[in-house]
There are 2 protein chains.
Amino acid sequence: MGSGEHSAGGVSGDANGRGPEAVGTPSAGRPRSEEAHQAILDATLDLLSEVGFSALTVEGVASRAGVGKATIYRRWPSKLPLVVEAFGRLPAFEDVDTGSLEGDLKAMLRQYLENFLATPLATVYPSLAAERSHNPELGQLMDPLLRGRRRPLDAAFERAQARGELAADVDVEMASDLIVGPVAVRLFFRGTTIHPDMVDGMVELALQGIRRPA
Amino acid sequence: MGSGEHSAGGVSGDANGRGPEAVGTPSAGRPRSEEAHQAILDATLDLLSEVGFSALTVEGVASRAGVGKATIYRRWPSKLPLVVEAFGRLPAFEDVDTGSLEGDLKAMLRQYLENFLATPLATVYPSLAAERSHNPELGQLMDPLLRGRRRPLDAAFERAQARGELAADVDVEMASDLIVGPVAVRLFFRGTTIHPDMVDGMVELALQGIRRPA
DNA sequence: GGGATTACGATACTATACGTCTCGATTTGT
DNA sequence: ACAAATCGAGACGTATAGTATCGTAATCCC
């Protein structure tokens, strides 16, 4: 099909340093097509949002991307790492600095909900969670990604601490679990939809706590 | 193999009323073996905790239970409802009434964590969550179960409200999401283990809120 | 420029598993 | 006795993961 696909080649950052994701990256012969790489990831995300993780087939990805199966397996040892890499391109929290912790959290959660959690793409999340329970290797692949995706949330807490708005000894990890947890449970475990307007109430409850005497 | 398996027949409660779970329950001929039914569910739970949901095979269950595949498919239309019914037998929250909301929540969460969440069986949870994202029917099967499993938690909130310990207009559903959510996220999404001693801090944070000025 | 090397898309192949079906034997109701 | 529905066992068709092999195309090294 196309021609002229050399590009600056910044994507496969580990080059031939044998990164953990590449199946093997030789240094002679025809180089791997960056076009095919992109097409595979795009097709993966497409199909992921259409049929979900469990119904995603490698053959389907190959066909949609217009590549052979070998071209996929040459890059990823199995379906799982492929989905993980595609997952890494999905929208995450975006940093918003409104000046107050409450404003930051509300804005970021709302944005994340609308941009990702409310789309069919969000189903990748529980699928990968299920998989990691019996595949520790997957956990190691995902954890850096997950931390990065949540980083803006942690940053908001740290800004609040620097401002003196929040005590310095508040456990930021636990706090962000308290923000994210209820949303995840409602969406993925209980199958509830969350209207964007609901995030304000949820953030407020997490910030002020359940305890409120009559 | 065995003999004498009639029993009081309390398990298949809907009898021949065509409940939503039985594939079809005729009223003539040889009755279905209650022994086989139990053996199938036991084998399902065994294998579920050993290999997880995605690696669970119906053939494996049949072999482990010592029954034919037809005996399984005669009772459950597919692997999914079988796992759901097995899920229904798993330990849930157990009601504890200590006299205070904080005491109730800490005791129940700790008990649930030790009895279920810290065991390999807990992996059924994210697996079913993943599946329901693309299978609304599964959601309908699970939701009553999930509500029932969480009922003791809601009851504790309602007791606190009746006692005047908690304002009557607190959203109990949201509150219990705030208790359960962080645990679920840590366990299933982030792959963290939770030491039983950590539940106290988590409950306290949910009760008093993140906001604590410097 | 030419040869070695590797990737390309396509497709045949093996192995596994779901869900259906049939088998002879068994257990019930009438 | 006879009909009906069960039992465990396993063959069968379909689908998919992952491997291997095809002839062709791109790039590196000499």
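So that the names make sense, note that chain A is the first sequence line, chain B the second, and so on, each numbered from 1. Values reported hereafter were calculated over all heavy atoms of this structure, with side chains retained and with hydrogens, waters and symmetry mates removed.
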>> Between B:V67 and A:A55, which residue's closest nucleotide on DNA chain D lies nearer the 5′ terminus?
In response: B:V67

> In whole angstroms, how far is the P atom of C:dC13 from the CD atom of A:E59?
Replying inline: 15 Å

> Rounded to whole angstroms, how far apart are CZ on A:R74 and C1' on D:dA26?
Replying inline: 13 Å

>> Testing the basics here: between A:F189 and B:L146, what is the closest heavy-atom pair and its distance to 0.1 Å?
In response: O-CD1, 3.4 Å

> Looking at C:dT20, D:dT21, D:dA17, which one has an atom nearest to any side-chain atom of A:Y73?
Replying inline: D:dA17

> Of all the nucleotides listed (C:dC8, D:dC7, C:dC18), which has the minimum atom distance to the side chain of B:R32?
Replying inline: D:dC7

>> I'd like to know if the side chain of A:H134 pairs up with that of B:S54 as donor and acceptor (distance under 3.5 Å, no hydrogens or angles considered).
In response: no

> How does DNA chain D read in dot-bracket, base by base from 5' to 3', with Watson-Crick or G-U pairs under 3.5 Å and | used when the partner is on another strand?
Replying inline: ||||||||||||||||||||||||||||||

> Within 45° of the axis and under 6.0 Å from the centre of the six-membered ring of B:F116, does NZ or CZ of B:R149 qualify?
Replying inline: yes

> Less than 4.0 Å between a side-chain N and a carboxylate O, is that true for A:R132 and A:D143?
Replying inline: yes

>> Could you tell me how far apart A:R75 (CZ) and C:dC8 (C1') are, to the nearest whole angstrom?
In response: 9 Å

> What is the distance, rounded to the nearest whole Å, between atom CD of A:E34 and atom P of D:dA26?
Replying inline: 17 Å

> Among C:dA7, C:dC18, D:dC7, which nucleotide sits nearest the side chain of B:T57?
Replying inline: C:dC18

> Nearest to the side chain of B:R30, which nucleotide is it out of C:dT26, C:dA17, D:dT16?
Replying inline: C:dT26

> Less than 4.0 Å between a side-chain N and a carboxylate O, is that true for A:D177 and A:R150?
Replying inline: yes

>> Would the base of C:dG19 count as contacting B:K69 through its side chain, where contact means a donor and an acceptor less than 3.5 Å apart?
In response: yes

> Looking at C:dC8, D:dT16, C:dG19, which one has an atom nearest to any side-chain atom of A:A36?
Replying inline: C:dC8

> Within this structure, what is the CG-to-P distance between A:L80 and D:dT16, rounded to whole angstrom?
Replying inline: 18 Å

>> Run the side chain to side chain contact (heavy atoms under 4.5 Å, CB included) test against A:D104 and tell me which residues pass, sequence neighbours left out.
In response: A:D97, A:T98, A:M108, A:A156, A:R159, A:R163

> Hey, which of these two, B:S78 or B:P31, hits DNA chain C nearer its 5' end, going by closest nucleotide?
Replying inline: B:S78

> Given D:dG18, C:dT20, C:dC21, which nucleotide is nearest the side-chain atoms of A:K79?
Replying inline: D:dG18

> Taking the side chain of B:T71 as its heavy atoms from C-beta onward, which of C:dG9, D:dG8, D:dT27 lies nearest to it?
Replying inline: D:dG8

> CD1 of A:I72 versus P of C:dA7: gap in Å, rounded?
Replying inline: 15 Å

>> Under 4.0 Å, heavy atoms only, any strand: does A:A62 hit a base, just the sugar-phosphate, or nothing?
In response: nothing

>> I need the CD-C1' distance between A:E35 and C:dA7, as an integer number of Å.
In response: 14 Å

>> Would B:K79 and B:Y73 count as a cation-pi pair here, with the cationic atom under 6.0 angstrom from the ring centre and within 45° of the axis?
In response: no

> Tell me: CD1 of A:I40 to P of C:dA7, nearest whole Å?
Replying inline: 13 Å

> For the ring pair A:F87 and A:Y125, is the centre-to-centre distance below 6.0 Å?
Replying inline: yes

